[in-house]
Amino acid sequence: MDVGRFVRKEFLLVISAILALISLFIVPFDTIMSFNYDRIFETICTLLFFLLIVGGLKECKALDRIAQLALGELKTTIRLCLVLIFLPFFSAMLFSNDVSLLTFVPLAIAILALADMKRLIAPVVILQTVAANIGSSLTPFGNPHNLYIFNLNDYYGFSLTDFEMALLPIVVAGTILILLLIFLILPKKPLNVELKEVEIENKPKLIAIIALFILAIFTVLDFVPPYITLVIMIAAFLIMMPKIFIKVDYSILFIFFFLFIFANSISNVEAIHSAITDMMEWDPFLTTVIVSQFTSNVPSTILLQPFTDNWAAVLVGADVGGFGTPIASMACIITFRLYLKEEDSDAKQFIRYFFTIGAIVLAVLIPTYYIFC
C-alpha cells in the first residue's frame, strides 16, 4: 500500500499521530511521561478484548447467522429496514458501535442492492449509525468514551446503576426517535428477498468465544483484573485462531492512545486550560457536545473530563455529541467510508441526509438531557 492510499484509508490514525507528535513541542517530554497511563491502558485492553471476540464470532459465521435469523421471512421494505437498523442498535450494546457498523452496514448495502432499493441505502445506513450510537450509549463497553468514563468509577464514586440511569433518558428518547424516523422516511412496499443459508462453523470454538465474552464483561465490571483477562484472551486466541490477530483493526487502539497524549498535553497549556475551565464551569454537557462536533466525541471526553466533577454531563454530552457533523464520532466516519466504497454512491445525497437526520437527533436529545437528566 502506498503512502497516499494509507493516509486516505487511515486519516484519523495519521491525524491523531501528528497531534501526539505536536504534543512533544507543546509541553516538555517529562510532563508527557508523568501522565497517568493506567486508565488509558485499561481502556485499550478492554477494546482489544472486544475486537478479538467480534473477530472470532465473524470467523465462526455467528454474526452472519444472527443476521439471517433476524431478517427471516420479511414481507415489506419497512420490516426489512427495521431489522437492518436495529441489528446494530442491539449489537452495539455488546460489541461497540464501531464494530457493529463494520459488520452490519455492508450487510445492509448488499441486501438493499439485491432488493433493487439502492436509493434507500443512504438513509438506512445513516439510521443504522444513529441506532448504533444510541444503543452503544446504554452500556459501559458500548463505545470507547463510555468505557473511559466507566473506568473512572472509583475516582468519581458512581455505581453501574448510576451510570445507566444517567444515560437511560437519552437512550429511550433516541429509540423512540429512530422508530419515528423509520416510519416517516422509509417506504412501506411489498418485498421479496432471498438470502443464502448460513451455518455456524466450529461450534466448540464459538462456545469458547462466548465464555471469553462473559469474562470480558466481568472485567469491565471490575470483577476480574484487566491484565489477567488480557493474558487469558491472548493465549486463548493464539491457540484457537492465531490468524485473528492479523485481521484485527488496531488503528482504533492507537488513535485512542495518541488522542489521550494530545488531550492531556494541550490541557497543560495555561491559556487553553483557562478557556476550557471557563467553558466547563458554564455548561459541561453543552461544552462536550460542541467540542465533539469538531474533534469527535472520544477526544473531547479525554480532553474535558479532568475539568469537572460532573462525570455524567461529560458522559451524556459525549454520547449526544456523536451526532451532528460527519466527524462527531468515529462511527459516523466508518459509515461514510463504507458507503463511499460502493458503486454509484452519492456523497452529496449522503451528506444531505446526514445533516438533516443529525440535526433532528440533536434537537431532540439536547432538550431531553436538560429535562430528564
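Heads up: numbering here begins at 1 and tracks the sequence. Keep in mind the model is a prediction, meaning the values are calculated, not measured.
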Honestly curious: do [X] and [Y] fall in one hydrophobic cluster under the side-chain, below-4.5 Å linking rule?
X    : Y    : result
W282 : L315 : yes
F257 : F262 : yes
I53  : I207 : no
I246 : I234 : no
L24  : M33  : yes

Exceeds 12 heavy-atom contacts within 6.0 angstrom, atom [atom1] of [X]:
X    : atom1 : value
Y155 : OH    : no
K58  : NZ    : yes
F218 : CZ    : no
K203 : NZ    : no
F254 : CZ    : no
Y227 : OH    : yes
Y370 : OH    : yes

Decide yes or no for [X] and [Y]: does some side-chain heavy atom of the first lie under 4.5 Å from some side-chain heavy atom of the second?
X    : Y    : value
I209 : M240 : yes
I134 : F323 : yes
L51  : Y250 : no
Y339 : V105 : no
M233 : L48  : no
I244 : L52  : yes
I185 : I357 : yes
H273 : N268 : no

Ignoring hydrogens and angles, write down the donor-acceptor pairs under 3.5 Å from the side chains of residues 166-176, residues two or more places apart or on other chains.
from	atom 1	to	atom 2	distance (Å)
T175	OG1	V171	O	2.7

- [ ] Show your reasoning for whether side chain to side chain contact (heavy atoms under 4.5 Å, CB included) applies to T31 and S265.
- [x] CA-CA 8 Å; T31 302; S265 296; over 6 Å; no
If you look at every heavy atom in [X] and [Y], which pair is closest and at what distance?
X    : Y    : answer
F237 : G56  : CE2-CA, 4.2 Å
P326 : F355 : CD-CZ, 3.6 Å
G322 : N297 : CA-ND2, 3.4 Å
F354 : I126 : N-CD1, 3.5 Å
L206 : A62  : CD1-CB, 3.9 Å
T229 : V224 : OG1-CG1, 3.3 Å

Task: Check: Q293 side chain, G321 main-chain N or O, donor-acceptor pair, under 3.5 Å - done: yes
What is the distance from atom [atom1] of [X] to atom [atom2] of [Y], rounded to the nearest 0.5 Å?
X    : Y    : atom1 : atom2 : answer
L186 : L127 : CG    : CG    : 6.0 Å
S23  : I261 : OG    : CD1   : 7.0 Å
T219 : I232 : OG1   : CD1   : 8.0 Å
N151 : E42  : CG    : CD    : 5.0 Å
S136 : H145 : OG    : NE2   : 6.0 Å
L238 : F245 : CG    : CZ    : 4.0 Å

Open item on the list: Can you pull out every salt bridge (charged side-chain N to carboxylate O under 4.0 Å, His left out) where at least one residue sits in residues 146-155? Sequence neighbours excluded, please.
Closed with: R39-D154
- [ ] Any salt bridge (charged side-chain N to carboxylate O under 4.0 Å, His left out) involving residues 265-290? Give me the pairs, sequence neighbours left out, ordered by first then second residue.
- [x] none
Task: Side-chain cluster (under 4.5 Å, hydrophobic types only) that I239 belongs to, other residues - done: none
Open item on the list: Taking transitive links into account, so neighbours of neighbours count too, which hydrophobic residues share a cluster with F372 at under 4.5 Å side-chain distance?
Closed with: I371
Task: L84: which of L120, I111, I109 passes side chain to side chain contact (heavy atoms under 4.5 Å, CB included) - done: I111
Open item on the list: Can you tell me which residue among D98, D319, N133 is in a side chain to side chain contact (heavy atoms under 4.5 Å, CB included) with N143?
Closed with: D319
Task: Pair D162-N153, side-chain donor/acceptor within less than 3.5 Å - done: no
- [ ] Please determine, by modelled atom types, if N97 and S100 share a side-chain donor-acceptor pair under 3.5 angstrom.
- [x] no
Task: Ionic contact status for K205 with E59, cut-off 4.0 Å - done: no
TODO: Under the side chain to side chain contact (heavy atoms under 4.5 Å, CB included) rule, what do T335 and Q128 come out as? Steps first, then yes or no, please.
DONE: CA-CA 9 Å; T335 300; Q128 280 186 311; over 6 Å; no
Open item on the list: Give me each pair satisfying ring-ring contact (aromatic ring centres under 6.0 Å, His included) with a member in residues 80-111, each pair once, sequence neighbours excluded.
Closed with: F86-F89, F95-F213
Open item on the list: Ring-plane angle category for Y369 and F285, please: parallel below 30°, perpendicular beyond 60°, tilted otherwise.
Closed with: parallel
Open item on the list: In terms of relative ring orientation, are F35 and F260 parallel, tilted or perpendicular, with 30° and 60° separating the classes?
Closed with: perpendicular
Task: Steps toward side chain to side chain contact (heavy atoms under 4.5 Å, CB included) verdict (F336, I351) - done: CA-CA 9 Å; F336 196 19; I351 293 295; 4.0 Å; yes
Open item on the list: Let's go through F258 and L13 carefully: what are the C-alpha distance in whole Å and the side-chain angles of both, what is the deciding distance for side chain to side chain contact (heavy atoms under 4.5 Å, CB included) to 0.1 Å, and is it a yes or a no?
Closed with: CA-CA 8 Å; F258 291 147; L13 176 62; 4.0 Å; yes
